[in-house]
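Reviewing the structure listed below.
Below, all heavy atoms of this structure are taken into account, side chains as well, without hydrogens, waters or symmetry copies.
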Amino acid sequence: MTKSQSGKSSESPTGSPVFRKLTPAEVEETLARNKVGRIAFTLHDRVDIEPINYVFDGGWVYGRTSHGTKLATIAHHPWVAFEVDEVKDLFEWRSVVVKGAFYLIDPDTSVHQDPAFAHGVALLRALIPETLTANDPTPFRNSVFRIHLDEVSGREATR
């Protein structure tokens, strides 16, 4: 029987999995530790979900994407969900779900007009240094965005 970060036993007496909510600190640690998540968005009765690279900073998830269906859809309904999972086994996982407003940061905006653009690009360059340069490995992803953490939940299963 092992102990979790909270000091409680991570295994029930019968060997069944234990499920619990993550603390706010654990949620932020999980978001900061990972770099790939999934964004879910809706329009009318259609739900879509796509993987994205991201950086977490100060209550915001920053990412970039290409122009297309996703941005056209989100323009009509900017409330999105974002999920990050860490999965080791069937009953050894952690999941964080963020719900919030999606903000597209205009790529033509000067750094002086919108400091969020410069901040977002700097964060993304920590992940991929060539972001939005001539050597960018994904130059078609030229739209920088951020998602505000309006609602956040985290769950964990351990044995």
With Asp150 via salt bridge (Lys or Arg N to Asp or Glu O under 4.0 Å) - residues at least two apart: none
Over all atoms of both residues, closest heavy-atom pair of Ala116 and Ile105: O-CD1, 3.8 Å
Tell me whether the rings of Trp93 and Phe19 are parallel (<30°), tilted (30 to 60°) or perpendicular (>60°). tilted
Name of the residue among Glu83, Glu156, Glu86 meeting side-chain contact (heavy atoms from CB on, under 4.5 Å) with Ser95: Glu83
Tell me, do His67 and Ser143 make a side-chain contact under 4.5 Å, heavy atoms counted? yes
Verify, without hydrogens or angle tests, whether Tyr103 (side chain) and Pro78 (backbone) share a donor-acceptor contact under 3.5 angstrom. no
Any donor-acceptor N or O pair under 3.5 Å, side chains Thr73, Arg46: no
Electrostatic pair Arg38:Asp85 at N-O distance under 4.0 angstrom: yes
Residue pair Lys99 / Trp79: nearest heavy atoms and the distance that separates them: CB-CZ2, 3.8 Å
Contact summary for Phe145 and Ile52, nearest pair of heavy atoms: CZ-CD1, 3.5 Å
If you look at every heavy atom in Tyr54 and Leu127, which pair is closest and at what distance? O-CD2, 3.7 Å
If you count the non-hydrogen atoms of other residues, nucleotides and ligands that lie under 6.0 Å from NZ in Lys35, is the total more than 12? yes
Qualifying residues under salt bridge (Lys or Arg N to Asp or Glu O under 4.0 Å), relative to Lys70, sequence neighbours excluded: Glu50
Group every Ile, Leu, Val, Met, Phe, Trp and Tyr by side-chain heavy-atom contacts under 4.5 Å, then state whether Ile74 and Leu104 land in the same group. yes
Are the side chains of Val84 and Phe56 in contact, using a 4.5 Å heavy-atom criterion? no
I'd like to know if Val97 and Val152 are part of one continuous hydrophobic network [Ile/Leu/Val/Met/Phe/Trp/Tyr, side-chain heavy atoms within less than 4.5 Å]. no
If you define the side chain from C-beta out and look only at heavy atoms, does anything of Ile39 sit under 4.5 Å from Val61? no
State, to 0.1 Å, how close Arg159 and Glu92 come at their nearest heavy-atom pair, and which atoms those are. N-OE2, 2.8 Å
If you take all heavy atoms of Leu132 and Asn142, which pair is closest and at what distance? CD2-CA, 3.9 Å
Nearest 0.5 Å please: distance from the CH2 atom of Trp60 over to the CG atom of Leu123. 12.5 Å
Is there a path of hydrophobic side-chain contacts, each under 4.5 Å between heavy atoms of I, L, V, M, F, W or Y residues, that connects Val47 with Val80? no
With sequence neighbours left out, which residue pairs that include part of residues 120-132 fulfil the side chain to side chain donor-acceptor pair (under 3.5 Å) condition? none
